[in-house]
Colleague: 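Quick one: the structure is below, and I'll ask about it shortly.
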Amino acid sequence: MTAPETLEGWFALHDFRRLDRNAWGRLDATEREKALAEATDLLGSFHQVEDAAAGRSTSYTVIGHKADLLLFHLRPDMGQLQALERAFDQTMLAMCTTRPYSYLSVIEISRHGAPEGTAGNVEDSPYMQSRLYPEIPDHSRYLCFYPMNKKREGADNWYSLEASERGELMRAHGRTGRRYAGKVSQIVTGSIGLDDWEWGVTLFADDPIQFKKLIYEMRFDEVSARFAEFGPFYVGRRLQAEDLRGWLGG
Amino acid sequence: MTAPETLEGWFALHDFRRLDRNAWGRLDATEREKALAEATDLLGSFHQVEDAAAGRSTSYTVIGHKADLLLFHLRPDMGQLQALERAFDQTMLAMCTTRPYSYLSVIEISRHGAPEGTAGNVEDSPYMQSRLYPEIPDHSRYLCFYPMNKKREGADNWYSLEASERGELMRAHGRTGRRYAGKVSQIVTGSIGLDDWEWGVTLFADDPIQFKKLIYEMRFDEVSARFAEFGPFYVGRRLQAEDLRGWLGG
Amino acid sequence: MTAPETLEGWFALHDFRRLDRNAWGRLDATEREKALAEATDLLGSFHQVEDAAAGRSTSYTVIGHKADLLLFHLRPDMGQLQALERAFDQTMLAMCTTRPYSYLSVIEISRHGAPEGTAGNVEDSPYMQSRLYPEIPDHSRYLCFYPMNKKREGADNWYSLEASERGELMRAHGRTGRRYAGKVSQIVTGSIGLDDWEWGVTLFADDPIQFKKLIYEMRFDEVSARFAEFGPFYVGRRLQAEDLRGWLGG
Amino acid sequence: MTAPETLEGWFALHDFRRLDRNAWGRLDATEREKALAEATDLLGSFHQVEDAAAGRSTSYTVIGHKADLLLFHLRPDMGQLQALERAFDQTMLAMCTTRPYSYLSVIEISRHGAPEGTAGNVEDSPYMQSRLYPEIPDHSRYLCFYPMNKKREGADNWYSLEASERGELMRAHGRTGRRYAGKVSQIVTGSIGLDDWEWGVTLFADDPIQFKKLIYEMRFDEVSARFAEFGPFYVGRRLQAEDLRGWLGG
Amino acid sequence: MTAPETLEGWFALHDFRRLDRNAWGRLDATEREKALAEATDLLGSFHQVEDAAAGRSTSYTVIGHKADLLLFHLRPDMGQLQALERAFDQTMLAMCTTRPYSYLSVIEISRHGAPEGTAGNVEDSPYMQSRLYPEIPDHSRYLCFYPMNKKREGADNWYSLEASERGELMRAHGRTGRRYAGKVSQIVTGSIGLDDWEWGVTLFADDPIQFKKLIYEMRFDEVSARFAEFGPFYVGRRLQAEDLRGWLGG
């Protein structure tokens, strides 16, 4: 079978951290103020993308035991992502965290993902540019991230389908997604050869119930019902640099 | 296939904690009294739902090695759940715990779950209201929690069934459940897009043998036999705030 | 399909502990003597079932890295099991242990397990009473514990079989087991709704080679060959309270 | 199906240890000398089988992150294996190790494994005696250990085959093995009812490339291709007691 | 089925390390300088292959939470690989690391991998020699490593295919790979009998997007679509000994 042609945009790093509250609590008041100022400054500079000519960074507090913080970075060069994780690692706050998970991927669009009827040099269209180098919607308080594979099991083998069948299934899937326009926006990243699953999906919404509604509805699409394998799901709430103090408990 | 329409009620957080008895033992008598008073007050305020206009919170001691405590919260807003985990995290008792598991979900009812013959604006019916915003039965000493998926394997693919077949299978399942009315009550929560399994099931009973009898009987329903995948099971015993001292052994 | 009717006896807790020899070694000689006396007394009282009107408790040293100690308890009430784990948790010895595993279940007998030809009110028969509330054979130096499921995969779905077929398969399995009468005795516990597998199997033998011979022979029974899924296996050696000192190495 | 008759020889314990180099480094020079002398003496006595009337013990340094040391013991009685792990546990060196893995099994030979044409009381033949109570070849610098199952999946169910078919497949497998005579020797141990997999395979060779060549060639045998499930693989290099000092770095 | 004949070159060790930044931070300035000098010297000597008559060693900083450092070694003798891990283990830097993963394998070429039309004594050809004892391209800033199996599931059983069919599928796969000549170079290592997967694949590229493009395209080859099972993926960036100081943060 012929692989679909893909276009790639920014590299992505989802950098999850777990706070060791005992370690944080062992800092004395002066150290804690210093650590807080240092981390607030660094998150602020991440969010301003001061390290690079282009890209986006946003941060989230994660709900549940799987992680406490998510630092989400989009940059043109993979080396910049590594510099960003190292910059955080060298803060006093990072010394009070462990890394339960991370995900390395790159924004990917295939022709499957192009609007029906699109043809020609799609890469240069404003639509494609806005998806390869996306904004992160400011009004979206919640993020949902999960990695996924396409199945290769017996008769349910995505990679053995004809290209036309794959295209049709993806277009139907896209139509489900577009019913959530204005409620949920998404960034799809490819991670074959970069991390342990084939794709990452990052969703943004103001109302987290929309994550469930969208993904539940999509699960009945044949492409999900027959071919999707899902990894862990992470839900976070947008964290502004200046809210770090409140989140750390004063 | 068309996804079933669902109604959503309160968000749910199952917040499991493991007690580090060595850390607790290292506190001196004064600290321990302070920590105990602080945690007793906080659990009491959780159980009174003093943080919100609506919701429920109950606590449990968990049997076996998987966890020691379960703080179970239902709230209208996901942000409140995060505030509740953070409030507990900032107690001295929490500093003596780790988090082996948690589960984020939202109370979900589909038309599958509506009594046979129900039609029209079911959401507003007292029956539906009582399920979307449920009481936790006071006489139920025991809780059982487990997450689950519906299978998508070869011929046993729940999401490829016709809606009518799914409905019929769920109604038969419901009839099994209703034979346990008065013995076991349940809260079903949806977690697609929120956590790693598709649903959470929380059961309440005064006699824990009923958990086994109900779930064993249900396993022979076609919907379970062919389509259910089960995650870990947790069994806990209701803990009133004032019994924390006894449980901590002092 | 109709679920088989089951009878339930005592609840069971398999409480596995791993000894942290460094922590134990850090106790000074006086503390160690005190800890040893305290633990010896407690194990002794467990084995005498001094906490309850009925039940059994025996202890084992586990071979290999999976655990060091197994405290095995049978009691009429689940709350008593929780009290037993808490009583051990509060010893100084327990402060030098972690909990790598545990298993919560309840002694279960189905009509599958009744001798062929049994009918009527089987529960009250001395045979059934001795299985619902069993002795643990004193001459059995070794224990083997493992949890298991019945498969639900494609054509090999236990829960979709006719009751008569399930019954026949279980009876054939029982015949294999009875060939080991006098060599191996067993307690089967149900754990659907209580723990992560559907059943626990606890075997007792004086010669551990018989565990292998029995289970290997059973694996060729159709009920195991087609339908059994096995969890981890634990093998332990009976530990009398007064042998704790020797085992702890001083 | 009828289970094959098996003969059992010595019990086997593969006792893997990971060295905590920080803990070892925290010992002062005098303690380290004492710990080294103690461990050297104990390994020496293991290798001389001074604890028992019969058996074998050899030690290995393991390559890669999975473990650092393997203490491999063969003894007539399972209780002796437990005494051996306890004896090591009580050394100062053991206090600087953790136990990432272990395997409990018993040397097993089935008629599948007997040379073609063998009949009658095979147990007493010198050939069978040498396999039930084997030498560990002195010139074999390398060991390879892995546990394995026979599959029970759909049409590929080992335990549903006719005995004659199983026998034929095993004999063909044996022929592949015999092509490596003089290059690789092996001990097969059964672990049904003793540990988490059904068998353990322990190979010995002077040239580790032969492990790969033998197992790769065997994988094309139908018995492996269709029916084998493999656990983790461990490769170690023979360690004489007197080389412990060098291995520990001085 | 007949196993393909393989040729073996150097043994390979992928030695992954995670830095404990707290432990590193606890060293005082003098110790840290000493540790840095020691590690820089050792990496330098690795890269110069000063320990052996032949081989290659390169080092990488790994992106994401899975590891921080990768020390990649190729040597003629497995004992040399063990000496290399031990040499690193004895540095002060290593005392500040843990080992989250490693992989032991050996460079392997089968006739599947030989250029079409190759015959005769392929081992001695310059082409084969350059693949059995390969250079690591200096201009490749990025490395990608992953282990993999060939499936043995139902109808998708690689080891049950005819040799001619396997050969054809591998040749088609090779043609996909050759379209990336100049962009990606690869070393394939066999690990049956040496580690937990059957093969390791190590790719080198200057532009990491090429890893994704190559492996994505290959996934549509029948040999991957039907027969490949993939383990974890690691991506690293070439680290010169003299850049260790910068990476450790000064």
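Reminder, nothing fancy here: chain letters follow the sequence lines and each chain counts from 1.
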Colleague: Tell me if a side-chain donor or acceptor on Arg141(A) pairs with a main-chain N or O of Phe204(A) at a distance below 3.5 Å.
Modeller: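 Such a contact is absent between Arg141(A) side chain and Phe204(A) backbone.
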Colleague: Under 4.5 Å heavy-atom distance to chain A, tell me which part of Phe16(B) shows up: side chain, backbone, both or neither.
Modeller: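 Contact with chain A: none, neither part.
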Colleague: Here's one to test your reading of the geometry: is the NZ or CZ of Arg131(B) within 45 degrees of the ring axis of Trp10(B) and under 6.0 Å from its centre?
Modeller: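 Verdict for Trp10(B): no cation-pi partner in Arg131(B).
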Colleague: Does Lys150(A) make a cation-pi contact with Trp197(A), if we ask for NZ or CZ under 6.0 Å from the ring centre and within 45° of the axis?
Modeller: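 Output no; distance or angle outside limits.
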Colleague: Can you say whether Thr98(B) sits under 4.5 Å from chain A via the side chain, the backbone, both, or neither, judging by heavy atoms?
Modeller: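 Neither the backbone nor the side chain of Thr98(B) comes within 4.5 Å of chain A.
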Colleague: Tell me, for Val62(A) versus chain B, whether the close heavy atoms (under 4.5 Å) come from the side chain, the backbone, both or neither.
Modeller: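 It is the backbone, since no side chain atom gets that close.
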Colleague: Applying ring pair (Phe, Tyr, Trp, His ring centres under 6.0 Å), name anything that partners His73(B), two or more places apart in sequence or on another chain.
Modeller: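 Ring pair (Phe, Tyr, Trp, His ring centres under 6.0 Å) list for His73(B), sorted by chain: Phe46(B).
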Colleague: Which bit of Tyr142(A) comes within less than 4.5 Å of chain B, counting heavy atoms only: side chain, backbone, both or neither?
Modeller: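 The side chain, not the backbone.
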Colleague: Tell me, side chain or backbone of Thr61(A) under 4.5 Å from chain B's heavy atoms, or both, or neither?
Modeller: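 Both backbone and side chain.
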Colleague: Select one option (side chain, backbone, both, neither) describing which atoms of Arg86(B) are under 4.5 Å from chain A's heavy atoms.
Modeller: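 Side chain of Arg86(B) only, per the 4.5 Å heavy-atom cut-off to chain A.
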Colleague: With rounding to the nearest 0.5 Å, note down the distance linking CD in Glu229(B) to CE in Met148(B).
Modeller: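 Glu229(B) CD to Met148(B) CE: 9.0 Å, rounded to 0.5 Å.
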Colleague: Need one label for Glu217(A): side chain, backbone, both or neither, based on atoms under 4.5 Å from any heavy atom in chain B.
Modeller: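 Both backbone and side chain.
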Colleague: Does any heavy atom of chain B fall under 4.5 Å from the side chain of Asn22(A), the backbone, both, or neither of them?
Modeller: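 Both backbone and side chain.
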Colleague: Can you tell which part of Asn157(B) gets under 4.5 Å to a heavy atom of chain A, answering side chain, backbone, both or neither?
Modeller: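 Only the side chain of Asn157(B) comes within 4.5 Å of chain A.
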Colleague: Could you check which of Arg237(A), Arg219(A), Arg21(A) has the highest count of heavy-atom pairs closer than 4.5 Å to chain B?
Modeller: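 Counting heavy-atom pairs under 4.5 Å, the top option is Arg219(A).
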Colleague: Which of the residues Ala228(A), Gly25(A), Gly64(A) is involved in the greatest number of heavy-atom pairs with chain B at under 4.5 angstrom?
Modeller: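 Sorted descending by pairs with chain B, the first entry is Gly64(A).
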Colleague: Centre of Tyr159(B)'s six-membered ring, under 6.0 Å away, within 45 degrees of the axis: is that where NZ or CZ of Arg166(B) sits?
Modeller: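 No; the conditions do not both hold, so Arg166(B) does not lie above the ring face of Tyr159(B).
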Colleague: Identify which one of Phe230(B), Tyr103(B), Phe233(B) satisfies the ring-ring contact (aromatic ring centres under 6.0 Å, His included) criterion when paired with Phe145(B).
Modeller: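 The single option meeting the ring-ring contact (aromatic ring centres under 6.0 Å, His included) with Phe145(B) is Tyr103(B).
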Colleague: Could you label the plane-to-plane angle of the Phe227(B) and Trp158(B) rings as parallel, tilted or perpendicular, counting under 30° as parallel and over 60° as perpendicular?
Modeller: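 Correct class here is perpendicular.
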Colleague: Non-hydrogen atoms of chain B under 4.5 Å away: do they reach the side chain of Arg226(A), the backbone, both or neither?
Modeller: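 Both backbone and side chain.
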